[in-house]
Protein chains: 2
Amino acid sequence: MKNSQLYKGSLNTIIMKLLEENGKMYGYEITQKVKAITAGELNITEGALYPALHKLEAEGILDVEIEKVDNRMRKYYKLTEAGEKETINRLSELEDFIRNMQSLVNPKPSLEF
Amino acid sequence: MKNSQLYKGSLNTIIMKLLEENGKMYGYEITQKVKAITAGELNITEGALYPALHKLEAEGILDVEIEKVDNRMRKYYKLTEAGEKETINRLSELEDFIRNMQSLVNPKPSLEF
DNA sequence: TCTTATACATAAAACTTCTAGGTATGTAAA
DNA sequence: TTTACATACCTAGAAGTTTTATGTATAAGA
């Protein structure tokens, strides 16, 4: 998609935040949710999403649970306890990042008269 | 450094914004400026910075001018005309990005009573 | 003299993401 | 009925950026 370079490196944080908020989600659901929240501006590709989910699972951040709905497979992911702790750190990093980027883009004028 | 993953993909935008603001800067100056603005939280490594500057120059975004100060070489970079136009686009993308990330992290509650 | 700061540079490895494919089911349109 | 689209998963290879680890050189300070 037309995703700018800027989103690179933010995928894990996005996934973890969504799972923190919604309890459990499956891959396709995550892509649709992100598209909806960002009004179509950010489209997570499957080639990025699935490897990322598998990696987070391997790291013990996520747990999987397979369900069959309408004869179609769904793999629901949710945060482990370790994952919840890590999510707190990631969100804090995200806040710092946003604050820093805003400082760079919108520097405080020096206090002169 | 302890730079989180989130900064990946934002280096070009940072460089371009700083040059838009300061007219011309040299590599080492950019690293110091970023460190100062972010209170030490973001350190741009040379291994990332110099290749990025060279690439932006090759793309016609930046112009170089070599000066010798105190017997040391300095390569001053400044935005070309095309670079200035592109910077406007990048900053607009950055605003969208920040807005989208904030929507994800801090979703608007539905308007129910 | 040794360390730190200034100032540039690059090559190899690591890492993430994109592109481009693949499988399969259900539904709606032509 | 065949085509298209949405749902739902997956992966391999290419592309791209950044990190790590170097290297060179001058100036200043301990």
Side-chain angles (χ1 to χ4, degrees), chain A residues 1-16 24-36 40-59 61-62 64-77 90 93-94 97, chain B residues 1-16 18 24-36 40-59 61-62 64-77 90 93-94 97 101:
Chain A
M1 274 302 295
K2 57 158 193 129
N3 302 340
S4 89
Q5 283 286 110
L6 294 165
Y7 292 93
K8 283 177 192 299
S10 58
L11 180 55
N12 286 344
T13 304
I14 290 172
I15 292 170
M16 289 161 75
K24 67 174 190 181
M25 297 179 84
Y26 55 100
Y28 185 76
E29 186 184 10
I30 292 173
T31 65
Q32 300 307 304
K33 189 82 173 180
V34 169
K35 205 185 288 183
E41 280 196 41
L42 175 55
N43 282 301
I44 297 182
T45 60
E46 297 173 314
L49 178 66
Y50 290 113
L53 286 172
H54 300 159
K55 187 157 183 261
L56 288 171
E57 187 193 348
E59 286 167 352
I61 306 286
L62 303 183
V64 195
E65 196 184 311
I66 298 179
E67 281 186 37
K68 202 148 193 177
V69 180
D70 288 332
N71 208 30
R72 279 203 209 88
M73 178 179 54
R74 277 188 192 167
K75 288 176 80 170
Y76 278 100
Y77 290 90
R90 297 299 184 94
E93 277 181 13
L94 177 58
F97 168 67
Chain B
M1 275 299 299
K2 57 158 191 130
N3 302 341
S4 88
Q5 283 286 111
L6 294 165
Y7 292 94
K8 284 177 192 299
S10 57
L11 180 55
N12 286 344
T13 303
I14 291 172
I15 292 171
M16 290 162 74
L18 288 176
K24 66 175 191 179
M25 298 180 82
Y26 55 100
Y28 186 76
E29 187 184 10
I30 292 174
T31 65
Q32 301 307 303
K33 188 81 173 180
V34 169
K35 205 186 287 184
E41 280 196 40
L42 175 56
N43 282 303
I44 296 182
T45 59
E46 297 171 315
L49 179 66
Y50 291 114
L53 287 172
H54 300 161
K55 187 158 183 259
L56 288 171
E57 187 194 348
E59 288 168 350
I61 306 286
L62 303 183
V64 196
E65 197 183 310
I66 298 179
E67 281 185 36
K68 203 150 190 174
V69 180
D70 288 333
N71 208 31
R72 279 202 210 87
M73 179 179 54
R74 278 187 191 170
K75 288 176 82 170
Y76 277 99
Y77 290 90
R90 299 298 184 93
E93 277 181 15
L94 178 57
F97 169 67
M101 290 305 286

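Order of the sequence lines fixes the chain letters, A, B, ..., with proteins taken first and strands second; residue numbering starts at 1 for each chain.
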Set of residues satisfying side chain to side chain donor-acceptor pair (under 3.5 Å) with respect to A:Lys55, sequence neighbours excluded: A:Glu59
Distance, rounded to the nearest Å, where B:Ile30 contributes CD1 and C:dA7 contributes C1': 13 Å
Most 5' of B:Lys75 and A:Glu46 on DNA chain C, judged by nearest nucleotide: B:Lys75
Residues B:Glu57 and B:Lys75 bridged, charged N to O under 4.0 Å: no
Phosphate-side-chain proximity, A:His54 and D:dT11, N/O vs OP1/OP2 below 4.0 Å: yes
Presence of A:Tyr26 side-chain N/O under 4.0 Å of D:dC9 phosphate oxygens OP1/OP2: no
A:Ala52 versus A:Leu11, closest heavy-atom pair with distance: CB-CD2, 3.9 Å
Sugar-phosphate only, base, or nothing, as touched by A:Lys68 at under 4.0 Å among non-hydrogen atoms: nothing
Nearest-neighbour nucleotide for the A:Lys8 side chain, C:dT17, D:dT11, D:dT19 considered: C:dT17
Closest-nucleotide ordering on DNA chain D, the 5'-leading residue of A:Gln5 and A:Ala48: A:Ala48
Spacing between A:Glu57 atom CD and D:dC9 atom P, to the nearest angstrom: 13 Å
Sugar-phosphate, base or nothing in reach of A:Arg72, heavy atoms under 4.0 Å: base
B:Ser10 side chain reached by A:Phe97 side chain, heavy atoms, under 4.5 Å: yes
Residue-phosphate contact under 4.0 Å: B:Thr45 side-chain N/O, D:dT18 OP1/OP2: no
Distance, rounded to the nearest Å, where A:Ile66 contributes CD1 and D:dC9 contributes C1': 10 Å
Euclidean distance, atom NZ of residue A:Lys35 to atom C1' of D:dA6 [Å, nearest integer]: 10 Å
Residue whose nearest DNA chain C nucleotide is more 5′ - A:Leu11 or A:Asp70: A:Leu11
Sugar-phosphate, base or nothing in reach of B:Gly47, heavy atoms under 4.0 Å: base
Sole candidate of B:Val34, B:Ile61, B:Leu56 that passes side chain to side chain contact (heavy atoms under 4.5 Å, CB included) when paired with B:Ile15: B:Leu56
Distance in angstrom units between A:Lys55 NZ and C:dT17 C1', rounded: 12 Å
Length of the CG-C1' vector between B:Leu42 and D:dT19, whole Å: 14 Å
Atom-to-atom span, CG of A:Leu53 to P of D:dC10 - whole angstrom: 8 Å
Nucleotide C:dT17, atom C1' - distance to OH of A:Tyr50 in whole Å: 16 Å
Phosphate-side-chain proximity, A:Asn71 and C:dA24, N/O vs OP1/OP2 below 4.0 Å: no
